[in-house]
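To start, the structure under review is shown below, and the notes come after it.
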Amino acid sequence: FFFATLPRRPASLSHLFTVDIETGVLQGLFNEAAKKHDLIAFIFSCSFVSLSIHSPSLSVPGPCEPEDLIDGIIFAANYLGSTQLLSERNPSKNIRMMQAQEAVSRVKSPEGDAQTLTEVDLFISTLRIKVLNADTQETMMDNALRTISYIADIGNIVVLMARRRMPRTASQDCIETTPGAPEAKKQYRMICHVFESEDAQLIAQSIGQSFSVAYQEFLRANGINPEDLSQKEYSDIINTQEMYNDDLIHFSNSENCKELQLEKHKGEILGVVIVESGWGSILPTVILANMMNGGPAARSGKLSIGDQIMSINNTSLVGLPLATCQGIIKGLKNQVQVKLNIVSCPPVTTVLIKRPDLKYQLGFSVQNGIICSLMRGGIAERGGVRVGHRIIEINGQSVVATAHEKIVQALSNSVGEIHMKTMPAAMFRLLTGQETPMYI
């Protein structure tokens, strides 16, 4: 996980804490004191493992004593009910808050109507969150801390959201709205538990603090003293490393930059599949991932898989969302000539991370071989790591068929120069026949 303290919202707005199960990112809006604390990474040995760290603060921000969270604390609350929502894999913070508000509107009775509720004790620790019936002390819910996806407090309401986890063989967790739909369009089932409490904000802050305390306990359990990981020490390491410059050299070489004219028939699609270059790219644009046999792009003989498209008919694609770039290409259907500015690139990206010591974590998270998140300014970003890329090789060894845990272990234990080869995950799925290309 990553754990970040962010500037506080205006008092009139709700606080939002999120832990994204897929990207491994925990984001929290804390009080003003928390703004002073730096980005913290959080590592768990579970179905996915974060490989990032940036100067954890020894004084853990939050309303509780760290020792109390290790043992567990209890808040009184009223359980109002639970509901299920469909969500995209990585929704924005605004959408997450809208989902929380929708869950409340489904569960909470309208103003003036009697509300069905159960008095509960909400148990919070660095390992789990349990809901106990206040009268009988029977366990109503028991969730490992890492399974909590998002936490929102809205007035005196707390919403705990978790993605449903099922065995892969029988999972109905992911629903494709359209066959062959891209990952971003798949819908995932989210379970939302709604509680009412005068301590709603404290509950949300305490859960956020639990992740931070658990992180420090993890460090100590693995023989790392949190005091060794100061902000200055990490910054000094970063400042001694130059940005991995293969991209700079490649993009500045005029031989790799080409202006192409493609001929096509009116009403004919260009016949390409494009994917995002990945967050962390020196020039964020789209990459040619596939070409339709006999289509204009393939007929031209001028394009190759991996080429990065800078502009189309003098319209720059740099920095544009993938959907916008796809729309621009679809708009070429009635044209007979298309001008492309491209940078010829291999389909595989070469990464070089320089890690002087194991106590400096890598600065990115990976799940099932796919890079899910990247810490801005860390050694991984400087090494050329890109979000959304599939890891193909680590130090010369193929990891295409390697289990997630072994990939994590290989990265966690690597020190010195770490060489990797990656490519956009969507391109990998196309090239290996896991997805059917949707040409535009």
Side-chain angles (χ1 to χ4, degrees), residues 9 11-21 26 28-29 62-64 69 72-88 91 93-125 127-166 171-175 187-211:
R9 284 187 172 186
S12 59
L13 297 181
S14 304
H15 295 74
L16 174 64
F17 295 84
T18 66
V19 186
D20 194 315
I21 284 180
L26 170 65
L29 295 174
C64 305
L69 286 172
I73 60 173
I74 291 178
F75 288 95
N78 293 321
Y79 171 62
L80 305 186
S82 301
T83 187
Q84 180 174 275
L85 300 175
L86 292 179
S87 172
E88 291 184 3
K93 291 191 290 292
N94 287 338
I95 291 177
R96 287 166 178 162
M97 180 54 79
M98 290 172 60
Q99 290 170 340
Q101 291 170 333
E102 181 180 350
V104 173
S105 67
R106 288 187 185 184
V107 170
K108 202 167 187 299
S109 299
E111 200 71 36
D113 291 357
Q115 175 72 53
T116 302
L117 54 84
T118 304
E119 292 185 2
V120 297
D121 290 332
L122 198 57
F123 174 86
I124 300 169
S125 76
L127 293 179
R128 60 200 327 100
I129 296 177
K130 295 174 70 173
V131 180
L132 309 171
N133 185 295
D135 293 329
T136 65
Q137 289 299 293
E138 291 182 1
T139 300
M140 298 170 59
M141 301 173 208
D142 188 355
N143 297 291
L145 185 66
R146 66 177 182 266
T147 65
I148 301 300
S149 300
Y150 317 129
I151 311 150
D153 67 274
I154 308 169
N156 65 343
I157 299 294
V158 178
V159 183
L160 302 186
M161 303 173 69
R163 225 193 86 180
R164 293 181 61 181
R165 310 298 287 176
M166 298 180 179
S171 178
Q172 299 298 315
D173 209 20
C174 173
I175 303 171
Q187 298 286 297
Y188 294 84
R189 300 183 193 275
M190 301 290 297
I191 300 297
C192 307
H193 306 296
V194 182
F195 301 88
E196 181 182 62
S197 175
E198 294 179 355
D199 297 322
Q201 184 174 336
L202 288 176
I203 291 171
Q205 290 178 346
S206 298
I207 295 173
Q209 187 184 7
S210 294
F211 282 98

- Task: Flag yes if more than 12 heavy atoms outside Glu102 fall under 6.0 Å of its CD atom; otherwise flag no.
- Result: yes

- Item | Positive for side-chain contact (heavy atoms from CB on, under 4.5 Å) with Leu80, one of Thr118, Thr116, Leu117 | Leu117

- Message: Do Phe195 and Ile157 have side chains that approach each other closer than 4.5 Å (heavy atoms only, starting at C-beta)?
- Response: no

- Atom CG in Leu85, atom CE in Met98: separation rounded to 0.5 Å? 11.5 Å

- Message: Which residue is it: Val131, Ile191, Ile129? I am looking for the one with a side-chain contact (heavy atoms from CB on, under 4.5 Å) to Met141.
- Response: Val131

- Taking Asp199 for its side chain and Leu202 for its backbone only, find out whether a donor-acceptor pair lies under 3.5 Å. no

- Message: Are Met97 and Tyr150 packed together at the side-chain level, in the sense that at least one heavy-atom pair is separated by less than 4.5 angstrom?
- Response: no

- Spacing of Met190 atom CE and Arg96 atom CZ [to the nearest 0.5 Å]: 8.5 Å

- Query: Is it the case that more than 12 heavy atoms not belonging to Glu138 sit under 6.0 Å from its CD atom?
  - Reply: no

- Those residues that, when tested against Asp113, pass side chain to side chain contact (heavy atoms under 4.5 Å, CB included) (two or more places apart): Ser109, Pro110

- Task: Enter the distance from Thr139:OG1 to Leu132:CG here, rounded to the nearest 0.5 Å.
- Result: 5.0 Å

- Query: Under 6.0 Å from the CE atom of Met140, do we count more than 12 heavy atoms belonging to anything else shown?
  - Reply: yes

- Spell out, as yes or no, whether a donor-acceptor pair under 3.5 Å connects the side chain of Arg128 to the backbone of Phe123. no

- Message: Can you tell me if Gln115 has over 12 outside heavy atoms packed within less than 6.0 Å of its CD?
- Response: yes

- side chain to side chain contact (heavy atoms under 4.5 Å, CB included) assessment of Ile151 paired with Ile207: CA-CA 8 Å; Ile151 311 150; Ile207 295 173; 3.1 Å; yes

- Item | Which atom of Val159 lies closest to which atom of Cys192, heavy atoms considered | CG1-CB, 4.2 Å

- Heavy-atom pair with the smallest gap, counting every atom of Thr83 and Arg106: OG1-NH1, 3.1 Å

- Smallest heavy-atom separation, Lys108 atom then Glu196 atom, equals CE-OE2, 4.3 Å

- Note on the structure: Correct closest heavy-atom pair for Ser125 and Gly72 would be CB-CA, 3.8 Å

- Item | Residues which pass salt bridge (charged side-chain N to carboxylate O under 4.0 Å, His left out) with Asp121, listed by chain and number, not counting sequence neighbours | none

- Query: Is Gln209 reaching over with its side chain to a backbone N or O of Cys64, donor-acceptor style, under 3.5 angstrom?
  - Reply: yes

- Identify the two heavy atoms, one from Val194 and one from Ala103, that lie closest to each other, and give their separation to 0.1 Å. CG2-O, 4.0 Å

- Message: If I compare all heavy atoms of Ile124 with all of Ser210, which pair ends up nearest, and what's the gap?
- Response: CG2-OG, 3.5 Å

- Query: When rounded to the nearest 0.5 angstrom, what is the spacing between OG in Ser197 and CG in Leu122?
  - Reply: 8.0 Å

